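What follows is a set of notes on a single structure, which appears directly below.
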Amino acid sequence: MAYLGNPSGTMEIIRKYHLNIQKKFGQNFLIDDSVLTGIVDAAEITRQDCVLEIGPGIGTMTQYLAERAGEVVAVEIDKALIPILQDTLSEYDNVTVINKDILKVSIQQIVEEKNAGKPIKVVANLPYYITTPIIMKLFETGVPLASVTVMVQKEVADRMQMKPGSRDYGALSLAVQYYSKPELISKVPPSCFIPQPGVESAVIRLTRYQEPPVRVQDEAHMFEVIKAAFAQRRKTLSNAVSHMPSLGVTREQVVAALAQLSLPADVRGEALSLEQFAALSDLLPKVQ
Ligand code: SAM
């Protein structure tokens, strides 16, 4: 069997199958053995683990995962890649490939069927065009999850780790930091992929918290407030939140809640910590 984690192995498959690389699916295949080994090492994969891989592509990282994990489930949207995966993964009996859109698949069902409902590890070189919806789905649906170790755009990895006060701090930073501890594993240049992406990349590991770092009465309400606060960045928080019809609060109510937290009426979303958003959401009335 040909190993794909190098330029020649990948080029051979591309030629053999006359593969039409789909930009619209964010296809950038990894060709660097040390990057691939680094991802699997960072995820601390052992035979006890069931791994969900999002977007296996031609099966490059899947091979590394199958060598170490007990079970691998790989969800790939591109139908054209399925026969290739059957070929490149033919020697492994611990891999299941599912030809579906990860945003439409029931991850809960995969966890139940393949890991008896116990926490899985997610490992992926993500399609960059849907990084945020994928991360939000993994966390917000509450599927049993130990960690998420993923290749993302470097700028997105930065946003995930950002603290209040920075321009890049926002809803994604708050969601990631509410559900998990983010750690940057490595930066990865475009030369490690075929075709090369137009941006720098980074591997980040998000270790799921057993208990969130802050207490809040209603998680969903807090995230609605957070999303509203960052939906219109140039507005003050009180204007942005009171303009979100689904929240049904007036500017006066937001200003009063901010005052209770000793925050000025003209404060912007990027100044508030996770603790402050939790406290604000507890103070704001909810639409019934
Ligand atoms: N894992 C491979 C590698 O590292 O070489 C390929 C990674 S490539 C950056 C992203 C992969 O995700 C592609 O194979 C693409 O077809 C797949 N993909 C894109 N959108 C998807 C979706 N909504 N659901 C599942 N897979 C998707």
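Counting starts at 1 for both ligands and their atoms, following the listed order. Quick caveat: nothing in here was measured; it's all calculated off a predicted structure.
- For Q108 and S106, the side-chain atoms include no donor-acceptor pair closer than 3.5 Å.
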Would you give me the side-chain donor-acceptor pairs under 3.5 Å for residues 129-140, sequence neighbours excluded?
unit_1	atom_1	unit_2	atom_2	d
T131	OG1	Y128	O	3.1
K137	NZ	I102	O	2.9
K137	NZ	L103	O	3.3
K137	NZ	V105	O	2.5
E140	OE2	K227	NZ	3.3

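- Placement of V73 and I54 within a single hydrophobic cluster is found when ILVMFWY residues are connected by side-chain heavy-atom separations under 4.5 Å, directly or transitively.
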Contacts table for residues 246-258: side-chain donor-acceptor under 3.5 angstrom, sequence neighbours left out:
unit_1	atom_1	unit_2	atom_2	d
S246	OG	E224	OE1	3.2
T250	OG1	Q253	N	3.1
T250	OG1	Q253	OE1	3.4
R251	NE	N239	OD1	3.2
Q253	OE1	T250	N	2.9

Show me the side-chain donor-acceptor pairs of residues 180-194 shorter than 3.5 Å, one per line, residues at least two apart or across chains.
unit_1	atom_1	unit_2	atom_2	d
S180	OG	V176	O	2.8
E183	OE1	R205	NH2	3.3
E183	OE2	R205	NH2	3.4

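- Side chain to side chain, Y92 and Q63 fail the donor-acceptor criterion of an N or O pair below 3.5 Å.
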Could you check ligand 1 for N or O atoms lying under 3.5 Å from protein N or O atoms and list the pairs with distances?
unit_1	atom_1	unit_2	atom_2	d
ligand 1	1 (N)	E53	OE2	3.3
ligand 1	1 (N)	G55	O	2.8
ligand 1	1 (N)	P56	O	3.4
ligand 1	4 (O)	N125	ND2	2.9
ligand 1	5 (O)	L30	N	2.9
ligand 1	14 (O)	G57	N	3.3
ligand 1	14 (O)	E76	OE1	2.7
ligand 1	16 (O)	Q27	NE2	2.9
ligand 1	16 (O)	E76	OE2	2.6
ligand 1	20 (N)	Y129	OH	2.9
ligand 1	23 (N)	D101	OD1	2.8
ligand 1	24 (N)	I102	N	2.9
ligand 1	26 (N)	I77	N	3.3

